[in-house]
Amino acid sequence: MSLSRMFARPLIAAGILYGAQNALRHTDDLAPKAATVTDKVVPAAKKAVPQARVIPDDPATLVRINAGVQIAASLALATGRAPRLSAGVLTASLVPSTLAAHAFWGESDPEAKRTQQMAFFKNLSIIGGLLVASGDTDGRPGMAWRAKRAGKDARREAHHLASAAKQEARLARAKSPVG
């Protein structure tokens, strides 16, 4: 692992970890803000996956679940365990958290609006870092590159085999007594 990855992953995870533990400590304060998002997302999720009857409706429970997911994924990212998967999970969990907690467009007080905007765009920056981390292959070629390379190698090998077959056919015709 490169030095930049060794420092970047824990730094990205630290902010999310702090926010998640804060959400666990202040769930009751965050639940009304979360309800603005969960009231739209939960019915859509239940409609999309009708057999999933275990999706809770309570915003406080969803805040706790999201915080738990963020803690687990942050620790995995910080320690380098499944960093691409954990970065993807964090991205998915941070989007609704950001929309619920930092809805600056609904603020009327200019100072509160400015504070929420700052937090909103800070979270967007973290999401950007997580998107980069979710695609990071640690300096090794990814699956898409490997598949493309295998196709290119197969085409080149087929071309060489076709050329060799043509040459063998020419040699065989030249040696044949009939031709």
Enquirer: Is there a path from V95 to V42 through hydrophobic residues (I, L, V, M, F, W, Y) whose side chains come within less than 4.5 Å of each other?
Expert: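 No, because V95 and V42 fall into different hydrophobic clusters, even though each may have its own neighbours under 4.5 Å.
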Enquirer: Is a donor on one side and an acceptor on the other found under 3.5 Å between the side chain of T36 and the backbone of P32?
Expert: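 No; zero donor-acceptor contacts below 3.5 Å.
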Enquirer: Spell out, yes or no, whether I12 and Y18 are grouped together once hydrophobic residues are joined by side-chain heavy atoms under 4.5 Å, including indirect joins.
Expert: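 No, it is not one cluster - the side chains of I12 and Y18 are not joined through contacts under 4.5 Å.
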Enquirer: Nearest 0.5 Å, please: how far is CG in L11 from CZ in R9?
Expert: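 Result: 12.5 Å between the selected atoms.
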Enquirer: If I compare all heavy atoms of A100 with all of A34, which pair ends up nearest, and what's the gap?
Expert: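 For A100 versus A34, the nearest heavy atoms are CB-CA, 3.8 Å.
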Enquirer: Within the 4.5 Å heavy-atom criterion, are L99 and F120 side-chain neighbours or not?
Expert: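 Yes. Closest side-chain heavy atoms under 4.5 Å.
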Enquirer: Hey, does the side chain of R84 reach the backbone of S134 with a donor-acceptor pair shorter than 3.5 angstrom?
Expert: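 Yes, because the side chain of R84 sits within donor-acceptor range (under 3.5 Å) of the backbone of S134.
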Enquirer: Identify the heavy atoms of R64 and D28 that sit nearest to each other, and give their distance.
Expert: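 Heavy atoms of R64 and D28 come nearest at NH2-OD1, 4.2 Å.
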Enquirer: Would you call D153 and R149 a salt bridge, using N to O less than 4.0 angstrom?
Expert: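 Counted as a salt bridge, because a side-chain N and a carboxylate O are separated by less than 4.0 Å.
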Enquirer: Once you round to the nearest 0.5 Å, how far does CG of L17 lie from CG of L90?
Expert: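 Here the interatomic distance stands at 9.5 Å.
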Enquirer: Are L75 and V89 in one and the same hydrophobic cluster, where Ile, Leu, Val, Met, Phe, Trp and Tyr link if side-chain heavy atoms are under 4.5 Å apart?
Expert: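 Not linked; separate clusters.
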Enquirer: For K46, does the NZ atom sit with more than 12 other heavy atoms under 6.0 Å from it, leaving out its own atoms?
Expert: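 Yes, enclosed.
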Enquirer: Atom CD1 of I16 and atom CG of L77: how far apart are they, to the nearest 0.5 Å?
Expert: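 Taking CD1 in I16 and CG in L77, the distance rounds to 7.5 Å.
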Enquirer: Could you state the interatomic distance from OG (S93) to CD1 (I65), rounded to the nearest 0.5 Å?
Expert: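 Result: 12.5 Å between the selected atoms.
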Enquirer: Counting only heavy atoms not in F121, do more than 12 sit closer than 6.0 Å to its CZ atom?
Expert: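 Counting other residues, nucleotides and ligands, CZ of F121 exceeds 12 neighbours.
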Enquirer: Of the non-hydrogen atoms in P59 and A31, which two are nearest, and what is the gap between them?
Expert: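 That would be CB-O, 3.5 Å.
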Enquirer: Look at the side-chain heavy atoms of Ile, Leu, Val, Met, Phe, Trp and Tyr, link any pair under 4.5 Å apart, and say whether V69 and V41 land in one connected group.
Expert: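 No, because V69 and V41 fall into different hydrophobic clusters, even though each may have its own neighbours under 4.5 Å.
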Enquirer: Side-chain contact, heavy-atom cut-off 4.5 Å: I126 with N123?
Expert: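 Yes. Closest side-chain heavy atoms under 4.5 Å.
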Enquirer: Is there a chain of hydrophobic side chains (I, L, V, M, F, W, Y, each step under 4.5 Å between heavy atoms) that links V37 to W105?
Expert: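 Result: yes, single cluster for both.
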Enquirer: Can a donor-acceptor pair be found, under 3.5 Å and without considering hydrogens, that links the side chain of S74 to the backbone of I71?
Expert: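 Side chain of S74 to backbone of I71, a donor-acceptor pair under 3.5 Å: no, none is there.
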Enquirer: How far does CG of L62 sit from CG of D57, to the nearest 0.5 angstrom?
Expert: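 L62 atom CG to D57 atom CG measures 8.0 Å (nearest 0.5 Å).
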Enquirer: Which residue in the set K122, Q116, Q117 passes side chain to side chain donor-acceptor pair (under 3.5 Å) when paired with H102?
Expert: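 Single pass found, and it is Q116.
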Enquirer: What are the two closest non-hydrogen atoms of A45 and I55, and how far apart are they?
Expert: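 So the minimum-distance heavy-atom pair works out to CB-CD1, 4.0 Å.
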Enquirer: Would you call K113 and D109 a side-chain contact if the rule is heavy atoms closer than 4.5 Å?
Expert: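 Of all side-chain heavy-atom pairs linking D109 with K113, none is under 4.5 Å.
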Enquirer: Output the distance between atom CD (E168) and atom CZ (R170), rounded to the nearest 0.5 Å.
Expert: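 Result: 10.5 Å between the selected atoms.
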